[in-house]
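Structure first, then comments.
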2 protein chains.
Amino acid sequence: MGSHWEDSLRSHGHRLTPQRRAVLRVLCDAGGHCTLAEIQERLRNRFPEIPLPTVYRNLRCLVDAGLAAQTDLGSGAHVYEFVADKHHHHLVCLRCQHVIDLPDAFLDPLRETLKQQFHFVPCMEHFALFGICPSCSGEPRPAEKGTA
Amino acid sequence: MGSHWEDSLRSHGHRLTPQRRAVLRVLCDAGGHCTLAEIQERLRNRFPEIPLPTVYRNLRCLVDAGLAAQTDLGSGAHVYEFVADKHHHHLVCLRCQHVIDLPDAFLDPLRETLKQQFHFVPCMEHFALFGICPSCSGEPRPAEKGTA
DNA sequence: TTGGATGCAAAGATTTTGCAGTTTT
DNA sequence: AAAACTGCAAAATCTTTGCATCCAA
């Protein structure tokens, strides 16, 4: 049935497999940052021997579908995070006033940098960034495959 | 003599070697992002066969001394950038009003993410972030909560 | 049926460390 | 002289791809 995330996956040409559902579930339940290996570990209940490449490829699909965000916090391995569309910020175009939603997870690298380098804990609850949107900059839209 | 960057290095326990000066020079002249391999390449004039580990360790020293910033733009390899103290932003403490300078380079990962994921080109000339500074976060004061 | 997904295996790419000899301070 | 750095070599990590088989749509 058309859950929001199911539609997101399908509209990007991805299928719904048990492994993929499980990865998303794990990411969602974790509620924070997870490395590839951590996700694999948390998956052991349902898929005791799931290979890392499978987790890896599923994460790519989730990121592609906008359900997960991949970032580098300087720990040597990338971390993944569930992208809920609850908390979000705004990218405001200076020319056409168009507003793009920016999921909160995309601010994590900056958060982490400030914490590690400056020991500064930013409050970024209400965040707005101004700039030029894709339409106004004349740049080609990002390649969206399978979009009706 | 005592250039600002020389002091920065020495005060962090690092020494000034020809290779280190050259790495900093390259990074400075490049004026943008460089991977480890790119820096090695640009170093070929003065050090035709400089090993990657040497470049790597020098970069770590420069980052440690605050002269360079390391970031991950999603290309698979980290990129390094000279940190000039000309353009900078402000981290403002919500409790004590203390202001910390944030070199512009630290916003690069966010810039790149917005460009790649949203095709949005942010204008972050005058940037201020509010939060809690290290001094204040060490002394938690429940009575006064930072209001965003 | 068709194209994507899984699992297994291996390769790629990048980062990181060890160590002996050398250089800066 | 002491501590840090270089250069060479190799290892440790993490990411990515190939391919035969299997499954979702």
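Every chain is numbered from 1 and lettered A, B, ... according to where its sequence line falls, protein lines coming before strand lines. Given the structure is predicted, the values throughout are model-derived calculations rather than measurements.
Looking at which nucleotide of DNA chain D each of B:Arg15 and B:Ile50 is closest to, the 5′-most match is held by B:Arg15. Nearest-nucleotide assignment on DNA chain C puts the 5′-proximal partner with A:Pro51, out of A:Pro51 and B:Gly76. Mapping B:Ala77 and B:Thr17 onto DNA chain C by nearest heavy atom places B:Ala77 closer to the 5' end of the strand. Of the two residues near DNA chain D, B:Leu16 and B:Pro53, the one whose nearest nucleotide lies more 5' is B:Leu16.
Counting atom types as modelled, A:Arg60 pairs no side-chain N or O with a base atom of C:dG4 as donor and acceptor under 3.5 Å. For a distance-only test at 3.5 Å, the side chain of A:Arg57 qualifies as a donor-acceptor partner of the base of C:dG7.
No side-chain N or O of B:Asp104 forms a donor-acceptor pair with one of B:His88 less than 3.5 Å apart.
Among D:dA25, D:dT17, C:dG7, the nucleotide with an atom closest to any side-chain atom of A:Arg10 is D:dA25. In this structure, the nucleotide among C:dT6, C:dT16, D:dT15 sitting nearest to the side chain of A:Thr54 is C:dT6.
In this model, the phosphate group of C:dT16 is approached by a side-chain N or O of B:Tyr56 to a distance below 4.0 Å at OP1 or OP2. Distances shorter than 4.0 Å separate none of the side-chain N or O atoms of B:His78 from OP1 or OP2 on C:dT14. OP1 and OP2 of D:dA4 both lie 4.0 Å or more from every side-chain N or O belonging to B:His14.
A straight line from CD of B:Gln19 to P of C:dT22 spans 14 Å, rounded to a whole angstrom. Here the P atom of nucleotide C:dT23 and the CG atom of B:Asn58 are 16 Å apart, to the nearest Å. Between the CG atom of A:Leu52 and the P atom of D:dC14 there is a distance of 10 Å, rounded to whole Å. Going from atom CG of A:Asp72 over to atom C1' of D:dT15 covers 13 Å, rounded to whole Å. Nucleotide D:dT15 holds its P atom 6 Å from the CG atom of A:Leu36, rounded to whole Å.
Among all heavy-atom pairs drawn from A:Phe120 and B:Val92, the shortest one is CZ-O, 3.6 Å.
Side chain of A:Thr35 to backbone of A:Glu38: a donor-acceptor contact under 3.5 angstrom is found.
Considering only heavy atoms from C-beta on, A:Arg20 comes within 4.5 Å of A:Leu9 through its side chain.
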